[in-house]
Amino acid sequence: MEKVIVICGPTASGKTALSIELAKQINGEIISADSMQIYKDMNIGTAKPTQEEMQGIKHYLLDFISPDKRYSVAEYKKDAKKAIKEIISKGKTPIIVGGTGLYVDSLIYEIEYQDIKLDEEYRNELEKIANKDGLEKLYEMAEKIDREAMTKISKKDKKRIMRVLEIYKATGKTKTQQEAESRKKPVEYDYKVFAINWERGKLYERINLRVDIMIEQGLIQEVNDILQKYDKFPTAMQGLGYKEVVDYLNGKYTKQEMIDKIKMETRRYAKRQLTWFRKNKQTVWLDGSKDRQNNINIILEGIN
RNA sequence: GGCUCGAUAGCUCAGUUGGUAGAGCAGGGGACUGAAAAUCCCCGUGUCAGUGGUUCGAUUCCACUUCGAGCCA
């Protein structure tokens, strides 16, 4: 079974630099697992690696979706599998790098997604019901379809409640059935998962610094530009930094308030990422504050 | 120098008619299968500034000390 290296970890932990150096040493190519770096014209705020940083290492699934388009894990899974195959066919080693746990899991657990597309009309319809009769109404509807799934979903978790209904509408299956079927296929590659972490205070310092640098590099202008260029953002505006700058431009915050808010939200995001990555017990943890080559050596040992 | 007000959780503050205390924010932990940088759940012990006094018992009342804010000299 071919090996695929996975490098995850919270934002600002140093995944990019480590993975590029690793790729150079093992003749690897990189597949991003980042739900925001997929978007074009969103560079500063997503900390997308520049051509210079890439040092000639080929990167996949970066900078290829228009911010006014939708994208989802299902598509990611398909695109990433294709990229893995391509890299292996060239005799190189694929390195998955990114902080979107959902995307990473779709690969390492070989989760199968049926070929369906989002029914926007139905979603709007559900949205209307929620507004009119309250979320409880949707929760009740979902309970009638899949009581088991609902025991694990909060009565306030609108997205997941709606998803139960959407899955049923699109496939005629319950979420519970759907999930059972999604895990039937054996995992196709030997995924070796590594995660970078730092002492919490250090990580937060790095995040704060990174946000200051983004502002200096022109994040506000970048947001202005994409607001000019595109007229809708189904998911891209969920990106950290982007929504806060929009609020600032609309006068909701002062500049300093906006900066502090981005820092805070990014710290919280990092915490959520760590919660996610800690779940996988196979993961080998690297200390980001240690020498980079030392960490690369740990990876090299870990994959053999 | 005098007077007044304050000093309680990392921060902003509430409160205890004397029986060792609680909100918001921050922070921590967790969940996560087609929006995931999203969405959602759970978590509050801190010499109640210090020292003495009164009291069965003081964070609460009293005195002094320290620090801060304001006013008067």
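Just so you know, these numbers use all the heavy atoms, side chains as well, and skip hydrogens, waters and symmetry mates. Throughout, a chain's letter reflects where its sequence line sits, starting with A, and its residues are numbered from 1.
The partner of B:G10 is B:C25, by the rule that a Watson-Crick or G-U pair needs both atom distances under 3.5 Å. Base pairing analysis places B:U20 opposite nothing; no Watson-Crick or G-U wobble pair with both distances below 3.5 Å involves it. The pairing partner recorded for B:A63 is B:U51, the criterion being a Watson-Crick or G-U wobble arrangement whose two distances lie under 3.5 angstrom. Under the Watson-Crick and G-U wobble criteria, each requiring two contacts below 3.5 Å, nucleotide B:C5 is paired to B:G68. In this entry B:A31 has B:U39 as its Watson-Crick or G-U wobble partner, both defining distances falling under 3.5 Å.
Within 4.0 Å (heavy atoms only), A:R267 reaches sugar-phosphate atoms of the nucleic acid but no base atom. The residue A:Y204 sits close only to the backbone: its heavy atoms come under 4.0 Å of sugar-phosphate atoms, none of a base. Residue-level contact check: A:I116 touches the bases, meaning some heavy atom is under 4.0 Å from a base atom.
Checked against the 6.0 Å centroid criterion, the rings of A:Y71 and A:F64 qualify as a close aromatic pair. The ring of A:Y253 has its center no closer than 6.0 angstrom to the ring center of A:Y248.
Side-chain atoms of A:R267 do not come within 3.5 Å of backbone N or O of A:Y204 as any donor-acceptor pair.
Atoms NZ and OG1, from A:K261 and A:T266 in turn, are 10.5 Å apart once rounded to the nearest 0.5 Å. Annotation: the span from A:R123 atom CZ to A:K169 atom NZ amounts to 12.5 Å, rounded to 0.5 Å.
Taking the P atoms as reference points, B:C40 lies 34 Å from B:U47, given to the whole Å.
For B:U33, its base sits under 3.5 Å from the side chain of A:R183 at one donor and acceptor pair at least. Looking at A:S182, its side chain comes within 3.5 Å of the base of B:U33 through a donor and an acceptor atom. Taking only distance into account, the side chain of A:R163 never meets the base of B:A36 through a donor-acceptor pair shorter than 3.5 Å.
Between A:R268 and B:G28 there is no side-chain N or O to OP1 or OP2 distance below 4.0 Å. Considering only side-chain N and O atoms, A:R278 lies under 4.0 angstrom from the phosphate OP1 or OP2 of B:G30. Taking only side-chain nitrogens and oxygens, A:Y103 comes nearer than 4.0 Å to OP1 or OP2 of B:A36. For A:T275, no side-chain nitrogen or oxygen approaches OP1 or OP2 of B:G29 to under 4.0 Å. Between A:K279 and B:C32, a side-chain N or O to OP1/OP2 separation shorter than 4.0 Å is present. Taking side-chain N and O atoms only, A:R200 has a distance below 4.0 Å to OP1 or OP2 of B:G29. Checking the phosphate oxygens (OP1, OP2) of B:G34, no side-chain nitrogen or oxygen of A:Q114 falls inside 4.0 Å.
Between A:E75 and A:R272, it is A:E75 whose nearest contact on RNA chain B lies nearer the 5' terminus.
When the side chains of ILVMFWY residues are joined at heavy-atom separations under 4.5 Å, either directly or via intervening members, A:I226 and A:L62 end up in two distinct hydrophobic clusters.
There is a side-chain donor-acceptor pair under 3.5 Å between A:D146 and A:T176.
Of the residues in residues 168-175 of chain A, those lying under 4.0 Å from RNA chain B by heavy-atom distance are A:K175.
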